[in-house]
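From a predicted model like this one, the values you see are computed outputs, not experimental measurements.
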Amino acid sequence: MTTTDNQKAAPFFKFENLRIYHKSLLFSNAILAIYDNARNEVDKMVAQKFFEAASMITNNIVEGSSESKNAFVEHLQQAKGNIRRCVTFTAMLLNRNAIDDEQSNDIRNELIELTKMAGALIVSLQTENNQL
């Protein structure tokens, strides 16, 4: 059986159903673009560390989604830690003029949204555990 444009196969991996996964993946790709556009070695180094922290947000979501609800909550809390690291890298790049105010604001808004999404998912998982 083949799928058409109107019907998509269900994702094999559970995390592919999560909006936060797709949002974090897009965020990581945006940070990779900053790395690609870095003007000097120091900015490249900071952008590389920024990308590593951003990609760990996605990795925590992926890894946690295959574990127990309590373990998933722990992974989401780790993702929130990486979100906070990304705030620091944003400030560093802004201070170095490697990104402008508009980029900084856009990045911060994305990080705020990711934080809210992770928090909501944590509450949802904890609520489900309490109802069991």
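The shortest heavy-atom contact between E63 and S66 is O-OG, 3.0 Å. The minimum heavy-atom distance linking S55 with E52 is given by the pair OG-O, 3.0 Å. Across every non-hydrogen atom of F27 and C86, the tightest pair is CE2-SG, 4.1 Å. The two residues E110 and K23 have their closest heavy-atom pair at OE1-NZ, 2.8 Å. Nearest heavy-atom pair, A118 versus I20, reported as atom, atom and distance to 0.1 Å: N-CD1, 3.5 Å. Considering every non-hydrogen atom in both L114 and S24, the closest pair reads CD2-N, 3.8 Å.
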Exercise for the section: Output, in order, the C-alpha distance, side-chain angles, deciding distance and verdict of side-chain contact (heavy atoms from CB on, under 4.5 Å) for K80 and T115. Expected result: CA-CA 6 Å; K80 288 176 75 171; T115 298; 4.0 Å; yes
Exercise for the section: Just do the side-chain contact (heavy atoms from CB on, under 4.5 Å) check on N82 and R85 with the steps written out, would you? Expected result: CA-CA 5 Å; N82 281 298; R85 284 181 194 86; 3.1 Å; yes
Exercise for the section: Using the side-chain contact (heavy atoms from CB on, under 4.5 Å) rule, take M45 and E41 through it: C-alpha gap first, then chi angles, then the decisive distance, then the call. Expected result: CA-CA 6 Å; M45 179 188 69; E41 288 304 310; over 6 Å; no
Practice task
Check step by step if side-chain contact (heavy atoms from CB on, under 4.5 Å) holds for L76 and L125.
Solution key: CA-CA 10 Å; L76 289 168; L125 291 166; 3.7 Å; yes
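Not one N or O on the side chain of S124 forms a donor-acceptor pair closer than 3.5 Å with the backbone of A120.
More than 12 heavy atoms of other shown residues, nucleotides or ligands fall within 6.0 angstrom of atom NZ in K44.
Hydrophobic clustering places V46 together with L111 (ILVMFWY residues linked when any side-chain heavy atoms are closer than 4.5 Å, directly or through intermediates). By the rule that hydrophobic residues join a cluster once side-chain heavy atoms approach within less than 4.5 Å of another member, M117 and M56 end up as members of separate clusters. Note on I57: it clusters hydrophobically with F13, by side-chain heavy-atom contacts below 4.5 Å among ILVMFWY residues.
Residue pairs meeting the ring pair (Phe, Tyr, Trp, His ring centres under 6.0 Å) criterion with at least one partner in residues 47-66, sequence neighbours excluded, are F50-F89. For residues 95-104, the set of pairs meeting the side-chain hydrogen bond (donor to acceptor under 3.5 Å, both in side chains) definition, not counting sequence neighbours, comprises D43-R96.
Shown here are the ring pair (Phe, Tyr, Trp, His ring centres under 6.0 Å) partners of Y21, two or more places apart in sequence or in another chain: F15.
With a 4.5 Å cut-off on side-chain heavy atoms, I107 and I34 count as touching. V73 places none of its side-chain heavy atoms less than 4.5 Å from the side chain of K69.
Side-chain contact check for E74 and Q78: no donor-acceptor pair (N or O, by modelled atom type) lies under 3.5 Å.
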